[in-house]
Amino acid sequence: MPEGHTIHRLARDHSALLRHSTVTMASPQGRFVEGAARLSGRTLDGIEPYGKHLFYAFGDLFLHVHLGLYGKWTAGLGPPPDVRGQVRLRMTTDSAWVDLRGATACEVYDRKDKAAVLARLGPDPLRPRADAEKAWDRLHRSRSAIGQLLMDQSVVAGIGNVYRAEVLFRSGLSPFTPGNAVPRATWEGMWVDTRVLMRAGVKANRIVTTVPEDRDRPTGRATRADSHYVYRRAGLPCRRCGTEVRTQVLAARNLFWCPTCQPA
DNA sequence: ATAATATGGTGAT
DNA sequence: TCACCCTATTATC
């Protein structure tokens, strides 16, 4: 589930579990033995989420984690469970533990390394002082499709395939609209909507983009089946207009959209 | 038991 | 544009 909301939620949860504690690190799987040894025994000062990246600050060094497509954290209070499967990194304190599996990136960074990553990221809608203007600068000069641009982490950091599809649907915008054809007001609306959705995603720890009246059962909370408008709903009727939801690969991922609600 | 699939990104071509 | 990374879960036989 790693889009930006997951990353920010993890930062919050891990912060509650590990911050200001002495952290012991190990790599049962064996692929992060050296890095774990470098950081083990240090005190965690804080965790900074940015887009889909996590930076755990240990003095002048950082643990940089990018979950990629498969990465997952598990965590808990008390002593850690027996290691099962491929645990790339286990961090333990006196009172808590976290395990990392399958991450694309798990490495030790210094300030320079961290700055280099941040330098190539666009504004993150989940960060309070995110500068939407920077994203607009890129977007309104580009002939690339908005569905492509939203997946580009140097344009906006933290949006993934689900939010791409859902935000475009909610804005009534065709994914194939060139960036330079998107009206400024539309972009501003989309940005605000993205922030709202992603903040709700952090809180709920999952992505819900439908409003109650568009759900199968308009009362109560969204179920797994009705939490999205178009994502993974190819061939099913659009929740708003009944048109079959379409799919096509764009930016190397399956895109979903309603051709009626999001006309070209 | 085996295969297909996934919310991501990089680097080669 | 494509292969590849890497793991867990879900679907299919």
Side-chain angles (χ1 to χ4, degrees), chain A residues 1-11 13 27-33 35 49-55 64-75 81-90 98-107 109 113-114 116-122 124-126 144-145 147-170 175 194 197-210 222-235 245 247-257:
Chain A
M1 292 135 230
E3 295 193 25
H5 70 297
T6 307
I7 304 311
H8 283 252
R9 175 59 180 253
L10 283 165
D13 292 349
S27 179
Q29 175 213 44
R31 290 189 53 200
F32 189 58
V33 173
Y50 206 115
K52 294 169 185 165
H53 299 258
L54 281 165
F55 301 94
H64 170 242
V65 172
H66 191 297
L67 292 176
L69 196 49
Y70 320 114
K72 270 186 178 55
W73 286 100
T74 49
D82 290 341
V83 171
R84 277 215 318 277
Q86 301 288 307
V87 177
R88 177 86 57 85
L89 168 64
R90 167 168 282 181
V98 297
D99 282 353
L100 174 66
R101 297 161 208 268
T104 289
C106 173
E107 53 206 346
Y109 269 13
D113 298 325
K114 181 179 172 228
V117 169
L118 295 185
R120 57 179 164 76
L121 293 178
D124 174 351
L126 283 172
S144 301
Q148 178 106 35
L149 292 166
L150 288 183
M151 293 291 275
D152 184 339
Q153 301 297 299
S154 70
V155 176
V156 181
I159 290 184
N161 202 22
V162 181
Y163 281 122
R164 160 176 77 168
E166 296 296 307
V167 163
L168 287 171
F169 177 88
R170 286 169 54 111
T194 302
L197 286 182
M198 291 185 77
R199 281 198 195 122
V202 175
K203 192 170 176 191
N205 209 5
R206 68 192 189 112
I207 301 177
V208 175
T209 58
T210 48
T223 64
R224 229 169 84 137
D226 62 11
S227 51
H228 310 136
Y229 282 106
V230 289
Y231 177 70
R232 292 253 279 177
R233 284 179 51 79
V245 172
T247 185
Q248 165 184 330
V249 171
L250 180 65
R253 315 214 73 79
N254 294 319
L255 168 74
F256 304 87
W257 82 101

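Excluded from the calculations below are hydrogen atoms, water molecules and symmetry mates; all remaining heavy atoms, backbone and side chain alike, are included. Order of the sequence lines sets the chain letters (A, B, ...), proteins ahead of strands, with each chain counted from 1.
Scored by the ring pair (Phe, Tyr, Trp, His ring centres under 6.0 Å) test, His66(A) finds His53(A) as partners (sequence neighbours excluded). In this view, Arg9(A) and Asp13(A) satisfy the salt bridge (Lys or Arg N to Asp or Glu O under 4.0 Å) rule, not counting sequence neighbours. Every residue meeting the salt bridge (Lys or Arg N to Asp or Glu O under 4.0 Å) condition with Asp152(A), not counting sequence neighbours, appears here in chain and number order: Arg138(A). Taking Tyr50(A) as the reference, nothing meets the ring pair (Phe, Tyr, Trp, His ring centres under 6.0 Å) condition, with sequence neighbours excluded. Qualifying ring pair (Phe, Tyr, Trp, His ring centres under 6.0 Å) partners for Tyr163(A), counting only residues two or more places apart in sequence or in other chains: His5(A).
Listed candidates were dG8(B), dT10(B), dT7(C). Nearest to the side chain of Arg120(A) is dT10(B). Of all nucleotides listed (dG9(B), dT7(C), dA6(B)), dG9(B) comes nearest to the side chain of Lys52(A). In the set dG9(B), dT7(B), dA8(C), the nucleotide with an atom closest to the side chain of Ile207(A) is dT7(B). Here the side chain of Gln153(A) is nearest to one of dA6(B), dG9(B), dT7(B), namely dG9(B).
For His66(A), no side-chain nitrogen or oxygen approaches OP1 or OP2 of dG8(B) to under 4.0 Å. For the OP1/OP2 pair of dT7(B) and a distance below 4.0 Å, the side-chain nitrogens and oxygens of Tyr231(A) include at least one atom meeting the criterion. The phosphate of dA6(B) has OP1 or OP2 within less than 4.0 Å of a side-chain N or O from Arg232(A).
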Using atom names, set out every protein N or O paired with an N or O of nucleotides 3-5 of chain C below 3.5 Å, distance rounded to 0.1 Å.
unit_1: dC5(C); atom_1: N4; unit_2: Tyr70(A); atom_2: OH; d: 3.4

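Separating the CG atom of Asp152(A) from the C1' atom of dG9(B) is a distance of 11 Å, rounded to the nearest angstrom. The separation between Leu67(A) atom CG and dG8(B) atom C1' is 10 Å, rounded to whole Å. Rounding to whole angstrom units, NE2 of residue His53(A) and C1' of dG9(B) are separated by 9 Å. Distance, Arg84(A) CZ to dA8(C) P: 10 Å, rounded to whole Å. Between His5(A) atom NE2 and dT7(B) atom P there is a gap of 13 Å when expressed in whole angstrom units. Following rounding to the nearest Å, Leu100(A) (CG) and dA8(C) (C1') show an atom-to-atom distance of 13 Å. Computed from coordinates, the Arg164(A) CZ to dA6(B) P distance equals 13 Å when rounded to whole Å. Atom CZ of Arg253(A) is separated from atom P of dG8(B) by 5 Å (rounded to the nearest Å).
Here the separation of dA8(C) from dT10(B), taken at their C1' atoms, is 22 Å to the nearest Å. Here the separation of dC5(C) from dT13(B), taken at their P atoms, is 15 Å to the nearest Å.
Between the side chains of Glu166(A) and His228(A), not a single donor N or O lies within less than 3.5 Å of an accepting N or O.
Residue Gln29(A) is in sugar-phosphate contact alone, with no base atom involved, counting any heavy-atom pair closer than 4.0 Å across all strands shown.
Counting heavy atoms from C-beta outward, Ser27(A) and Val33(A) have side chains that approach closer than 4.5 Å.
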